[in-house]
Protein chains: 2
Amino acid sequence: MAEQDTTSALAPRLADSIRDKLISGELKPGQRLSEAALSTDLDVSRNSLREAFRLLTKEGLLRHEPNRGVFVATPSMASIIDIYRIRKIIECQALAKAYPKHPAVARMRGAVESARKASENSDWAAVGSQNMVFHASIVDLADSQRLSGFYAQIAAELRLSFGLLANPELLHAPYVEMNFAILETLEAGRAEEAAAALETYLAQSERTVLAAFGRL
Amino acid sequence: MAEQDTTSALAPRLADSIRDKLISGELKPGQRLSEAALSTDLDVSRNSLREAFRLLTKEGLLRHEPNRGVFVATPSMASIIDIYRIRKIIECQALAKAYPKHPAVARMRGAVESARKASENSDWAAVGSQNMVFHASIVDLADSQRLSGFYAQIAAELRLSFGLLANPELLHAPYVEMNFAILETLEAGRAEEAAAALETYLAQSERTVLAAFGRL
DNA sequence: CTGTCAATATTGTTCAACGATTTAATTCTA
DNA sequence: TAGAATTAAATCGTTGAACAATATTGACAG
């Protein structure tokens, strides 16, 4: 990997590191994160670690219980519904009003192509990642830094939910070609139509995820 | 005021306290916040204060420069445009798809009524606050905790911009009756029409704010 | 088995310290 | 005197230790 960036502050780097472990599933929902244990583990002081905890708590990835510690957030049906509600509002609007030659369209295309290759290799984790890139790029169409940042946050939270679910193929594979269709429609200048397709997509995806979640 | 809530953690309370000072204008944009000075001022440790700083930085209210300290965020035209872009997407969609008997509608009505009273008394600060309550309630129509939280954040950032501008009457007074009209349209079951009116409203408000900002 | 109470562990907060970086002041040179 | 270079002061970044407050555990009595 690349050498760590010592220029930036420690706490955000710690938060990045922990976030990766959360998304990768190394840290499991509900698990308690001991300040003492983690601080010696990561070789940082308790104070620095606590600063990182605050950031992740604000992102919704950790839950803080006073005098008891921080825990990995436990996804629920309610949180999944909440997040999909937001996705429908933000992604569909961003797409509906998009300029077909926006720079983010290139990123959408790149994500679709990468997802196809990963799909051929049955690398479902990569398919999932590229799928996320595709949708983040849709939000980028709205040209709002803050909105993109917010979306990145709820996307991370959603990935936490995905981590709980078995069968990643079922969760991601069917959507590669739907993404492609949406992209084509957008580039053809029919943004409204693409947005309608995306809404259908999201509704279907939500049903799948909730069903899988209900099976736990 | 009420006695302080010692049950909750210190850092969030500090953040609340500082946020109030930011919105009220007690702390002015661009101003540097010394850790040492503020910690003795508020009678807390530097560590606790730093935790509060991180929270507010993540909210966009403070800007952090490595090894130089934190500064009150300086609103810019870019940030105002960014925020209005988000408002159009979120508020209009929330309103367009709203259920006319949603509990948040009552809060909208309360805000309109309070704003009218404040307007009669020429209490423009109160008019502005109630205006914010009205729009936050619109977002609540979408029934998404996360979305409402995010909106609260950008609303705070927008209030920071308002604080820079003179003539609060011009910024808030004209919109009281427009809010009322939107509310009536929604309650009449014409949500789409209300959303269209809101979009016009937001475009006009944005122009006014940007114009005032340009005069600085 | 259940409730009480002490012992233990963990978090919440503060303080002091020190290296690193920025900012201000001072000195030196042309 | 103006400007550049150097030194000194202030501030941040991070750590470690300390102690109070709270939560958990385990022993014990009934």
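Chain letters run A, B, ... following the sequence lines, proteins first and then strands; every chain starts at 1. All figures in this text were calculated on a predicted structure; none of them were measured in a lab. Scope of the values below: all heavy atoms of this structure, side chains included, with no hydrogens, waters or symmetry mates.
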Distance-only criterion, 3.5 Å: show the donor-acceptor pairs between side-chain atoms of residues 92-112 of chain B and protein atoms not counting sequence neighbours.
{"from": "B/Lys97", "atom 1": "NZ", "to": "A/Glu199", "atom 2": "OE2", "distance (Å)": "3.1"}
{"from": "B/His102", "atom 1": "ND1", "to": "B/Ala104", "atom 2": "N", "distance (Å)": "2.9"}
{"from": "B/His102", "atom 1": "NE2", "to": "B/Asp143", "atom 2": "OD1", "distance (Å)": "2.9"}
{"from": "B/His102", "atom 1": "NE2", "to": "B/Asp143", "atom 2": "OD2", "distance (Å)": "3.1"}
{"from": "B/Arg107", "atom 1": "NH2", "to": "B/Asp140", "atom 2": "OD2", "distance (Å)": "3.2"}
{"from": "B/Arg109", "atom 1": "NH2", "to": "B/Glu184", "atom 2": "OE2", "distance (Å)": "3.3"}
{"from": "B/Arg109", "atom 1": "NH2", "to": "B/Glu187", "atom 2": "OE1", "distance (Å)": "2.3"}

- Sugar-phosphate means primed atoms, P, OP1 and OP2; the rest is base. With that split, encode nucleotides 13-23 of chain D 5' to 3' as B, S or - using protein heavy atoms under 4.0 Å. BBBB-B---SS

- Query: Within this structure, what is the CG-to-P distance between B/Leu42 and C/dT13, rounded to whole angstrom?
  - Reply: 14 Å

- Item | Partner residues of B/Ala136 under the side-chain contact (heavy atoms from CB on, under 4.5 Å) criterion, sequence neighbours left out | B/Tyr151

- Query: Looking at residues at least two apart in the chain, or sitting in another chain, which of them share a ring-ring contact (aromatic ring centres under 6.0 Å, His included) with A/Phe213?
  - Reply: none

- Item | B/Tyr201: ring-ring contact (aromatic ring centres under 6.0 Å, His included) partners, not counting sequence neighbours | B/His135, B/Tyr175

- With sequence neighbours excluded, tell me which residues meet side-chain hydrogen bond (donor to acceptor under 3.5 Å, both in side chains) with A/Arg146. B/Asp82, B/Glu157

